[in-house]
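Comments concern the structure below.
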Amino acid sequence: MKYDHKQIEPVWQKKWEEAGIFHAEQNSSKPKYYTLIEFPYPSGQGLHVGHPRSYTALDIVARKRRLQGYNVLYPIGWDAFGLPTENFAIKNHVHPREVTKKNVARFKSQLQSLGISFDWSREINTTDPSYYKWTQWIFLQLFKHDLAYKKEMAVNWCTSCKCVLANEEVVNGVCERCGSEVVRKVKSQWMLKITAYADRLIKDLDLVDYPDRVKAQQKNWIGRSTGAEVDFTTTTGDKLTVYTTRPDTLFGATYMVISPEHPLIEKLASTIENMDEVRAYQEAAARKSDFERTEVAKDKTGVRLVGVEAINPVNNRQIPIFISDYVLVSYGTGAIMAVPAHDTRDWDFAKKFGLPIIEVVKGGEDVQKEAFTDCETGVLVNSEYLDGLSVEDAKKKITERLTETGKGRAKVNFKLRDWVFSRQRYWGEPIPIVHCPHCGAVAVPESELPLELPDVESYEPTDNGESPLAKMTDWVNTKCPQCGADAKRETDTMPQWAGSSWYFLRYADPHNNDALASKEALRYWTPVDWYNGGMEHTTLHLLYSRFWHKFLYDIGVVPTAEPYAKRTSHGMILGENGEKMSKSRGNVVNPDEIVNEYGADTMRLFEMFIGDFENAAPWNSNSIKGCRRFAERCYNMTSIMTEGGIRPELEGAFHKTIKKVGEDIEVLKFNTAIAALMSLINDIYNTKSVTREELKVFTILLSPFAPHVAEQMWSDCKLGDGFVSAAKWPEYDESKCVDNEIEIAVQINGKVREKLMVAADIDKDAAIAAAKASERIASLIEGKTIIKEIYVPSKLINIVIK
RNA sequence: GCCGGUAUGUCGGAAUUGGCAGACGAGACAGACUCAAAAUCUGUUAUCCGCAAGGGUGUGUGGGUUCAAGUCCCACUACCGGCACCA
């Protein structure tokens, strides 16, 4: 029979679903294994060829684990709240719920056509009230533990989405999603205190198996730094505290800089003589968007506060105070001591404003020409009791002194900011809070959850920065759950990251109505054993969900401190021209067309064979044919099968391949695993026949990669009972992976001059004797002095001559 | 500027972590089958010199360690990703 994927694939997909063989068992004595992929956002474009790269990879792992006897959970769901759906709904006057429903149906049929072994009985959807009930519940727990709070603050405002963005969503000063300008806007916002977990989010990276680049990126983003706070005073008698990582350079401070928004300015408004100039600078700084602020990063600007000076606590020297936007309000204390001799930014500023530069760390070039910032080699000078100390010792000593005299203290700072959690849009989880004129912000009682999203007439974002929900007065006006007075509901919704911050927990027990999941289910299934996803989520989803998980751990809801035991990341699939796939570049490949033309098995094989899983790889419509040929060659073996066991001449090849394929899957080397299967099939075809046992082992090895054709081979040739997807992974014998006779290279002075077939267990003397016995080697060493003879067992011989 | 990554034939990529560079696939070329084409099968395919046997050169660049370097060390370059006035 001819290989016809259109005949084979839908049949097996249906049989698997009917038999339910990919359903995770709820009560099982088997060891569990939880594989997870980032659940997709069901966009209107349908599945992208990038999705199956991740899904197929973990499908291979999940399928292999099942064959190895594990109870596997490989779930799927929909991260369906979010802006693109809402924008589409606005434009086409349909309810976002309907848009979501349609998109989900499309995604589902596309995913099912790929034969991914998801447990569809556990499908979840973040927009389902029975799901977001628990998203809201978690928010209320955060609120009750003072980790959710409302704050008036300058936020990132996307001018196009008309919506607040988290810091993580602003990329190069523009909106991550739409690319529009982001400006600062003062608004009252719900915030989540992720900073309370900053230290643990770094420290607990030691507990998990993540790629180093992911750990490094998270650590960078959290940005822990150690230093000291130093209390300066001013000539007006006010306190002015700075944060510095270089307290050792305190004697070299020649001026101070505070951010334009620093509260001290208002306090000293009557003392400052050039207040007009100061105000003008403040306004100019406020007008700048994030984009402009980073654009003009090179040139320093600022204004000196005339009429007030600061006093250095260690030497009582009076130094001027400036305002400048190179000092940020939101980091440290919003004020710095400037040490131009040992900080390049301070140096730039000092040069521009003609301020003194005093060297306090010796070891570099002339500090008048360039700042010396090295902490490793310098020695302190001009610093009284610190003179002669190394930078490190001086830091310790000055911090001790400051602490003793009450003028400072050791301090740790983080770049990480609290998470801006409000969105002024419709298609998200309503924040379950009621604002009461008497009681303030009050939690909606848990018994009233889910607080369902009301139907509104218009989803249009408003120009005044309020959520579309604000227009629903019937819904907004309510009673205070605490005192019963007239009160108003919170109208902001949660960001898209909310639902995805805990979804992996819901999969453990997706239909539970009394808890986000039962304790037993969580104890059995968590943590996730292997989580694969994109690098782009390292500082967003991955960090947010670790934070929520740690909080849930602290309040006793989940049994583990970390959600994911192991994380891996796949590279992007690029267009054929090596550029990122996008509509505008016209290089988008539609997975449906590939499945239709070549079949799901070929698609899966190709996506795994395309290159190193962790690196980006360009699509190539030519080499996909190689994978199709391979699938056909696999199937064609069924027509030449004869009875029998593994033939002796193929025994070594089989054992080696079992070993190689098994090991490669564990380390994400799907490309070389497939190459090994291709080599094995070439060996088989060289013998012009295949035996039943050979075909059986081969089919099992093939099944995680190309499950449909494997099932067809299994059933056509009656290789075993039931499904190959429920067979047993073959074992290999280490002793049979080595050949009896091997080829070794013979080098003279490091250059290969001869190849010899020798017994695998040959010893050094015998090997070298064999080499010298060869005519070619004998003639090359004749008359020369042998300096050294090296024998690398089963690899090579190197004879060094002179 | 800082942090991370990558660099290998015509192309995608292999190389057991110091031991025969180019597995596997694609493409190209040649041959078989065919009236012909497609498909399939069989060869060849890093590069230079040579009719050949054989020899030289070759893993971004320049040095180094070693009997032996794609792999280790030092100094660079280019590209990709992240962060960026974080004191």
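Numbers restart at 1 for each chain; the letters A, B, ... are given by sequence-line order, proteins then strands. Just so you know, these numbers come straight off a predicted model, no measurement behind them.
Taking the P atom of each, B:rU71 and B:rG64 are spaced 14 Å apart, rounded to whole Å. Look at the P atom in both B:rA23 and B:rU77: the space between them is 34 Å, to the nearest Å. Atom name C1', nucleotides B:rC80 and B:rC72: the rounded distance is 25 Å, in whole Å. Between B:rG58 and B:rC49, the two C1' atoms lie 15 Å apart (nearest whole Å). To the nearest whole angstrom, the two C1' atoms, one in B:rG56 and one in B:rC2, are 45 Å apart. Nucleotides B:rG60 and B:rG70 have their P atoms positioned 10 Å apart, rounded to a whole Å. B:rA7 and B:rU61 are spaced 13 Å apart, taking the P atom of each and rounding to whole Å.
Contacts of A:A338 with the nucleic acid, taken as non-hydrogen atoms under 4.0 Å apart, are absent. Looking at heavy-atom distances under 4.0 Å, A:E743 makes contact with a base. When heavy atoms are screened at a 4.0 angstrom cut-off, A:K219 is found touching no nucleic acid atom at all. Contact annotation for A:R776: backbone-only contact, meaning every heavy-atom pair under 4.0 Å involves sugar-phosphate atoms and none involves a base. Note on A:D212: nothing from the nucleic acid sits closer than 4.0 angstrom, heavy atoms only. Using a 4.0 Å heavy-atom cutoff across all strands shown, A:T539 reaches no nucleic acid atom at all. In this structure, A:M535 reaches neither bases nor backbone, as no heavy-atom distance under 4.0 Å exists between it and the strands shown. Using a 4.0 Å heavy-atom distance criterion, A:V792 is classed as a base contact.
Checking the phosphate oxygens (OP1, OP2) of B:rG27, a side-chain nitrogen or oxygen of A:R629 falls inside 4.0 Å. Here A:N671 reaches the OP1 or OP2 of B:rA14: one of its side-chain N or O atoms lies under 4.0 Å away. Proximity of A:K788 to the phosphate of B:rC67: a side-chain N or O atom is located under 4.0 Å from OP1 or OP2. Between A:Y326 and B:rA87 there is no side-chain polar atom (N or O) within less than 4.0 angstrom of OP1 or OP2. Note on A:R633: a side-chain N or O is less than 4.0 Å away from OP1 or OP2 of B:rC41. Taking side-chain N and O atoms only, A:T672 has no distance below 4.0 Å to OP1 or OP2 of B:rA15. The phosphate of B:rG55 has OP1 or OP2 within less than 4.0 Å of a side-chain N or O from A:R753.
The strand RNA chain B forms stems, runs of 3 or more Watson-Crick or G-U wobble pairs with distances below 3.5 Å, at B:1-7 with B:77-83, B:10-12 with B:24-26, B:27-32 with B:40-45, B:46-49 with B:54-57, B:60-64 with B:72-76.
Of all nucleotides listed (B:rC67, B:rC24, B:rU57), B:rU57 comes nearest to the side chain of A:K751. Taking the side chain of A:W221 as heavy atoms from C-beta on, and the options B:rG19, B:rC83, B:rA87, the nearest nucleotide is B:rC83. Listed nucleotides B:rC3, B:rU16, B:rG13 differ in distance to A:K795; the shortest reach to its side chain belongs to B:rU16. Of the listed nucleotides (B:rA87, B:rC67, B:rA14), B:rC67 has the atom at the smallest distance from the side chain of A:I790. Picking from B:rA87, B:rG19, B:rG25 the nucleotide with the shortest atom distance to the side chain of A:F609 gives B:rG25.
Taking a cutoff of 4.0 Å between a charged side-chain nitrogen and a carboxylate oxygen, A:K659 and A:E734 qualify as a salt bridge. Salt bridge absent: A:R628 and A:D601 never bring a charged side-chain N and a carboxylate O closer than 4.0 Å. A salt bridge is absent between A:K795 and A:E743: the closest approach of a Lys/Arg side-chain nitrogen to an acidic carboxylate oxygen does not fall below 4.0 angstrom. Salt-bridge formation is detected for the pair A:R567/A:E38: a Lys NZ or Arg NE/NH1/NH2 atom is positioned less than 4.0 Å from an Asp or Glu carboxylate oxygen. Under a 4.0 Å N-O distance rule, the pair A:R409/A:E229 qualifies as a salt bridge. Salt-bridge formation is detected for the pair A:E789/A:K772: a Lys NZ or Arg NE/NH1/NH2 atom is positioned less than 4.0 Å from an Asp or Glu carboxylate oxygen.
Of the two residues contacting RNA chain B, namely A:N686 and A:A617, the nearest-nucleotide position lying further toward the 5' end is that of A:A617.
A glycosidic torsion no more than 90° from 0 defines the syn conformation, and B:rU17 adopts it. In this structure, B:rG43 is classed as anti because its glycosidic torsion departs from zero by more than 90°.
The only member of A:D346, A:T301, A:D299 that meets side-chain hydrogen bond (donor to acceptor under 3.5 Å, both in side chains) when paired with A:Y326 is A:D346.
Ring geometry for A:H5 versus A:Y3: interplanar angle of 30 to 60°, hence tilted. In this structure, A:H342 and A:F372 have perpendicular ring planes: the angle between them is above 60°, well past the 30° mark.
At a cut-off of 3.5 angstrom, the base of B:rC83 holds no donor-acceptor pair with the side chain of A:K415.
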